[in-house]
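When reading the values below, keep in mind they use all heavy atoms of this one structure, side chains included, and skip hydrogens, waters and symmetry mates. None of these values were measured; they are calculated from a predicted model. Below, read A as the first sequence line, B as the second, and so on, with proteins coming before strands; counting in each chain starts at 1.
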2 protein chains.
Amino acid sequence: MRPFTDMTRAAQLPQRSVIPVNTIGRLSLYRRLLSDQLATGARQVFSHQLAALAVTTAPQVRRDLMTIGFSGSPRRGYAIADLVTAIDDVLVRSVETAVALVGVGNLGRPVLAYYANRQPIRFAAAFDRAPEKTGRVLHGCRCYASDQMTEVVAREQIHVGVIAVPAAEAQAVCDQLVLAGVKGILNFAPVRLRVPAGLHVENVDLMMALDRVAYFAHEHR
Amino acid sequence: MRPFTDMTRAAQLPQRSVIPVNTIGRLSLYRRLLSDQLATGARQVFSHQLAALAVTTAPQVRRDLMTIGFSGSPRRGYAIADLVTAIDDVLVRSVETAVALVGVGNLGRPVLAYYANRQPIRFAAAFDRAPEKTGRVLHGCRCYASDQMTEVVAREQIHVGVIAVPAAEAQAVCDQLVLAGVKGILNFAPVRLRVPAGLHVENVDLMMALDRVAYFAHEHR
DNA sequence: GATTATCTGTGAGATGTCTCACAGCATGAG
DNA sequence: CTCATGCTGTGAGACATCTCACAGATAATC
Ligand SMILES: NC(=O)c1ccc[n+]([C@@H]2O[C@H](COP(=O)([O-])OP(=O)(O)OC[C@H]3O[C@@H](n4cnc5c(N)ncnc54)[C@H](O)[C@@H]3O)[C@@H](O)[C@H]2O)c1
Ligand SMILES: NC(=O)c1ccc[n+]([C@@H]2O[C@H](COP(=O)([O-])OP(=O)(O)OC[C@H]3O[C@@H](n4cnc5c(N)ncnc54)[C@H](O)[C@@H]3O)[C@@H](O)[C@H]2O)c1
């Protein structure tokens, strides 16, 4: 490794948004919990009840709902159905998001199965460079050769890419996806991706996750 | 859902540690990147080089290494081999961590395959309540019936549990694991688990991850 | 209609994490 | 040996997020 100049200043970090990143994550969780509650017949919920379900605190819940401009009523709490709708609006669940998977391997297949047919996420295409994988249809999702990416991403109006290829290929695939026009990436490879400023990458790094658990487990004795 | 009292005050949150949670995660990443570098023949690394690999900033790298008390040399940078050892010490990679998987399903199987035989993590046991799954050995890991959990966790000195059962079962399985004596949990079910104070839970929530990507993708246009 | 209980909305402060700038020093060159 | 270079170590401040406490509001009760 030879010396090179420092180009590591905060690049795509200033991900500015009115809604904190962590709040977005909790809203996703609240939405699922509230759907379950609706199914049980509940119509109203208090901040402390939602907090108990989400294993957080009541003020945190109220702050999150305040952040998205949703109001409740003292003594009655929040109207569950309205709240689910409000969260759906924020999380862009009212419009379908087309997604592409790259890497139909040991991980890609179960991930596709898991997400398949979950509104409003639609897996519009999968890509793999291995010829024997292309042409097939898995869970309603057609698998294309990698060199068709630009064309298919444009045609299907795909906004999000999911990377499930070996670590050594991840940056190349990421560059392809960005060039093809995706606006967000979910990355399962255990590397950090270099992307243009503003483009959001969500990393799911199982090795890191287990390292963290092991560290805190040993700290706790 | 009937009213109940607020028991949602900050409970297991004060996860106190000298090393910030995020730093632990980055150390895991640094370790892998540095191993790769060692394999290419590199012996020393500068903070800005490691920052480039990890897609972060040079001061962040120096701060992280300072936090674990590792020193470099001006003009020479950090000695890679020593740094890997230092990180291994912090991440408890110098002793084997025994892990148990609960839920040998569509997700559990590939996860087991992924982690299998990666030192120093050892999957010492798997558990499933479906009788047809028990008794078999997958990737060197024996599958037991759930009611043997307490016994096996004690015998194999298992410190960490991985939960890959349906959401509705996750809290019950978590309680079983805690009772059996695990000190940390990696949770793949899309719910938040209630655990005793101090016990660390790492959540891998794919639904939330995709919601976050979709949100920022749409924000970006 | 007045009273009361109790839940929401939110300012202000606490906490945790990241960023910046630069002093100090080890190293290689002369 | 001395000097100049350029990288590390770190204080101090910026920033993001969480927590707390309570004012104010509303629905239920009488
Ligand atoms: N298997 C798991 O359970 C698991 C868990 C967590 C993370 N991961 C990570 O996910 C990634 C994939 O793991 P896997 O086990 O599915 O690997 P895999 O080898 O089973 O599958 C990878 C797939 O990607 C395809 N591919 C490779 N390079 C490509 C490219 N440049 N363009 C398009 N397709 C390409 C291959 O043809 C293959 O089908 C790895 O980075 C791994 O670290 C895997
Ligand atoms: N399949 C995926 O790709 C995927 C991805 C992300 C998250 N998840 C989550 O992971 C979890 C498991 O998903 P899956 O697709 O593997 O489900 P699955 O139904 O294929 O497997 C679940 C396994 O858990 C076992 N089980 C159920 N209850 C149990 C209990 N109380 N004790 C012990 N074993 C029990 C079942 O016998 C089964 O073998 C779910 O919470 C799901 O939301 C799955």
Side-chain angles (χ1 to χ4, degrees), chain A residues 1-27 30 43-52 54-80 82-83 86 192 212, chain B residues 1-27 30 43-52 54-80 82-83 86 192 212:
Chain A
M1 193 165 33
R2 60 191 158 67
F4 52 109
T5 54
D6 186 349
M7 304 182 305
T8 62
R9 285 299 179 81
Q12 74 273 44
L13 306 179
Q15 203 58 264
R16 196 147 307 283
S17 156
V18 189
I19 305 179
V21 190
N22 293 356
T23 295
I24 295 295
R26 281 190 300 270
L27 288 173
Y30 297 161
R43 291 293 168 262
Q44 299 282 135
V45 68
F46 296 127
S47 61
H48 63 266
Q49 293 176 312
L50 184 49
V55 190
T56 179
T57 63
Q60 177 75 81
V61 168
R62 293 200 296 273
R63 174 72 64 190
D64 287 339
L65 302 193
M66 185 188 127
T67 301
I68 64 168
F70 190 83
S71 291
S73 150
R75 306 253 340 171
R76 289 186 143 255
Y78 301 90
I80 300 180
D82 293 354
L83 179 47
R192 292 302 159 105
R212 268 152 68 145
Chain B
M1 191 164 35
R2 60 193 158 65
F4 54 109
T5 54
D6 186 349
M7 305 182 304
T8 63
R9 286 300 179 79
Q12 74 273 47
L13 306 178
Q15 202 58 264
R16 197 148 307 284
S17 156
V18 190
I19 306 178
V21 190
N22 293 356
T23 295
I24 295 294
R26 281 191 299 270
L27 288 172
Y30 296 160
R43 292 292 168 263
Q44 298 283 134
V45 68
F46 295 126
S47 60
H48 63 266
Q49 294 175 312
L50 185 49
V55 190
T56 179
T57 64
Q60 177 74 82
V61 169
R62 294 200 296 274
R63 174 71 64 188
D64 287 338
L65 302 193
M66 185 188 128
T67 301
I68 64 168
F70 190 82
S71 292
S73 149
R75 309 241 351 157
R76 288 185 143 256
Y78 302 90
I80 299 181
D82 293 352
L83 180 47
R192 292 303 159 104
R212 266 149 73 144

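- Here the C1' atom of nucleotide C:dT8 and the CG atom of A:Leu50 are 14 Å apart, to the nearest Å.
- In this structure, the CD1 atom of A:Ile68 is 11 Å from the P atom of C:dG9, given to the nearest Å.
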Using atom names, set out every protein N or O paired with an N or O of nucleotides 12-14 of chain C below 3.5 Å, distance rounded to 0.1 Å.
| residue | atom | partner | partner atom | Å |
| --- | --- | --- | --- | --- |
| C:dA12 | N6 | A:Arg63 | NH2 | 3.3 |

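- Set against D:dC7, D:dT17, C:dT17, the side chain of B:Val21 has C:dT17 as its closest nucleotide.
- The two residues A:Thr67 and A:Val18 come nearest to each other via the heavy atoms CG2-O, 4.3 Å.
- No donor-acceptor distance shorter than 3.5 angstrom exists from the side chain of B:Gln60 to the backbone of B:Thr57, with no hydrogens or angles considered.
- The CZ atom of B:Arg212 sits 6.0 Å away from atom CG of A:Asn22, with the distance rounded to the nearest 0.5 Å.
- Taking atom CZ of residue A:Phe46 and atom P of nucleotide C:dG9, one finds them 12 Å apart after rounding to whole Å.
- Nearest nucleotide to the side chain of A:Tyr78, out of C:dG9, D:dT8, C:dC18: C:dG9.
- Taking atom CZ of residue B:Arg62 and atom C1' of nucleotide C:dC20, one finds them 10 Å apart after rounding to whole Å.
- When rounded to the nearest whole Å, the span between CZ of B:Phe70 and P of D:dT8 equals 11 Å.
- Judged by closest nucleotide on DNA chain D, B:Met66 is the one of A:Gln60 and B:Met66 placed further toward the 5' end.
- Between the CZ atom of B:Arg63 and the CZ atom of B:Arg26 there is a distance of 11.0 Å, given to the nearest 0.5 Å.
- Atom CD1 of A:Ile24 and atom P of D:dT17 are 11 Å apart (whole Å).
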**Prompt:** How far apart are the C-alpha atoms of B:Ile68 and B:Asp64, what are their side-chain angles, what is the distance that settles it, and do they pass the side-chain contact (heavy atoms from CB on, under 4.5 Å) test?
**Reply:** CA-CA 7 Å; B:Ile68 64 168; B:Asp64 287 338; over 6 Å; no

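- Taking atom NE2 of B:His48 as the reference point, atom P of D:dG9 lies 14 Å away to the nearest angstrom.
- Scanning for side-chain contact (heavy atoms from CB on, under 4.5 Å) contacts around B:Arg76 gives B:Gln44, B:Ser73, with sequence neighbours left out.
- Note: A:Phe46 CZ to A:Arg75 CZ = 8.0 Å, rounded to the nearest 0.5 Å.
- Contact annotation: A:Ser71 reaches the phosphate of C:dG9 (side-chain N/O to OP1 or OP2, under 4.0 Å).
- Atom CG in B:Leu50 sits 6.0 Å away from atom OH in B:Tyr30 (nearest 0.5 Å).
- In this structure, B:Gln49 places its CD atom 14 Å from C1' of D:dT8, rounding to the nearest Å.
- At least one side-chain nitrogen or oxygen of B:Asn22 sits closer than 4.0 Å to the OP1 or OP2 atom of C:dC18.
- Shortest non-hydrogen contact noted between A:Phe70 and A:Ala86 is CD1-CB, 3.5 Å.
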Pairs under 3.5 Å (N/O, protein and nucleotides 24-28 of chain C):
| residue | atom | partner | partner atom | Å |
| --- | --- | --- | --- | --- |
| C:dA26 | O3' | B:Ser73 | OG | 3.4 |
| C:dT27 | OP1 | B:Ser73 | OG | 3.3 |

